[in-house]
Amino acid sequence: MDRDGKPTFNINFHGPVGSYQYIENFGTLNQFKDGEYVDAEEVKEVEIPEPLKTDEAKDVLGNFIYNRLLTEELQPIDLSKPEQAILARVISERLEIKDVWQVFGKLWQVRPETLRNYYNKALDQRKSLDFQDKLKNILD
């Protein structure tokens, strides 16, 4: 637990390209693949973009993992494509990531242009404002 009483997570990277290994929550390794939990050996490694390897990024991403918006592999959980784009934008704003669509497109294996288009679509939806408020509350 950190000084605010929130659970802490350990993010471990390995290999020359900084491949994601795992996030550990109180000693229990929960891996998520194709909508269900699986043994760690079955999970394919995900390459983590450089801007998401900082200590600040680990804290921000840990909040979204704790609130079940991201898996331990940093993949969105039950979010629509516009919600994924909003999440990417909120994380990028907090971490001051300039190339938001490239970073999260690579992480989530989505074309950057597609992710950006979903974000633009989300701006026209009322429920997107509520989702943005939810994300900001998680980060506060």
Side-chain angles (χ1 to χ4, degrees):
M1 297 266 225
D2 66 10
R3 60 182 170 212
D4 296 325
K6 293 181 181 176
T8 56
F9 298 89
N10 299 317
I11 300 178
N12 299 300
F13 300 97
H14 63 89
V17 295
S19 297
Y20 173 82
Q21 188 176 9
Y22 65 85
I23 294 178
E24 187 176 4
N25 180 7
F26 300 107
T28 304
L29 186 62
N30 295 319
Q31 297 287 343
F32 202 78
K33 179 182 177 187
D34 298 328
E36 59 186 54
Y37 285 96
V38 297
D39 292 333
E41 295 80 36
E42 295 180 35
V43 178
K44 189 175 185 178
E45 290 182 1
V46 176
E47 185 177 334
I48 301 298
E50 286 297 320
L52 300 179
K53 293 181 183 178
T54 66
D55 288 337
E56 183 181 9
K58 291 174 188 178
D59 291 340
V60 169
L61 296 169
N63 284 326
F64 292 118
I65 293 166
Y66 177 74
N67 285 280
R68 306 264 188 246
L69 295 175
L70 291 175
T71 67
E72 289 82 3
E73 295 79 34
L74 306 180
Q75 301 301 304
I77 298 174
D78 295 329
L79 298 178
S80 67
K81 296 297 184 184
E83 288 172 334
Q84 290 177 26
I86 291 170
L87 177 60
R89 185 61 174 229
V90 167
I91 292 170
S92 293
E93 287 173 358
R94 179 58 63 105
L95 299 177
E96 298 178 2
I97 297 171
K98 293 185 183 357
D99 51 350
V100 55
W101 311 125
Q102 289 76 17
V103 168
F104 285 92
K106 180 179 182 178
L107 179 64
W108 295 338
Q109 300 172 357
V110 177
R111 290 183 39 222
E113 302 81 23
T114 302
L115 201 54
R116 184 181 62 238
N117 289 338
Y118 278 119
Y119 179 75
N120 291 333
K121 178 181 175 184
L123 296 178
D124 295 331
Q125 299 175 352
R126 168 68 184 137
K127 71 177 193 172
S128 296
L129 294 174
D130 295 335
F131 186 67
Q132 285 179 314
D133 289 341
K134 177 181 176 178
L135 298 179
K136 290 182 184 196
N137 287 335
I138 288 172
L139 291 175
D140 290 338

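Positions are given from 1, in the same order as the sequence printed here.
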Carboxylate-amine/guanidinium contact D130 K134, below 4.0 Å: no
Under 3.5 Å: donor-acceptor pair, side chain of S92, backbone of V100: no
Single-linkage hydrophobic cluster, 4.5 Å side-chain cutoff, V110 and L123 together: yes
Audit row: L61, L52, side-chain contact (heavy atoms from CB on, under 4.5 Å) steps and yes/no: CA-CA 8 Å; L61 296 169; L52 300 179; 4.3 Å; yes
Residue pair E83 / F131: nearest heavy atoms and the distance that separates them: O-CE2, 3.3 Å
CD-NZ distance between E50 and K106, expressed to the nearest 0.5 angstrom: 8.0 Å
F64, CZ: over 12 other non-hydrogen atoms inside 6.0 angstrom: yes
Separation of F104 CZ from L87 CG (nearest 0.5 Å): 6.5 Å
Atom of P51, atom of A57 and distance for their closest heavy-atom approach: O-CB, 3.9 Å
Neighbour count >12 (heavy atoms, 6.0 Å) for atom CG, N137: yes
Cluster overlap I97 with Y118, hydrophobic side-chain contacts below 4.5 Å: no
Distance-minimising heavy-atom pair for V103 and P49: O-CG, 3.4 Å
Evaluation steps, side-chain contact (heavy atoms from CB on, under 4.5 Å), between I65 and T71: CA-CA 6 Å; I65 293 166; T71 67; over 6 Å; no
E113/R116 salt bridge by N-O under 4.0 Å criterion: no
Test log, rule side chain to side chain donor-acceptor pair (under 3.5 Å), inputs E56 and T54: CA-CA 5 Å; E56 183 181 9; T54 66; 5.4 Å; no
Donor-acceptor under 3.5 Å (W108 side chain, L74 main chain): yes
In one Ile/Leu/Val/Met/Phe/Trp/Tyr side-chain cluster, 4.5 Å: V90, L129: no
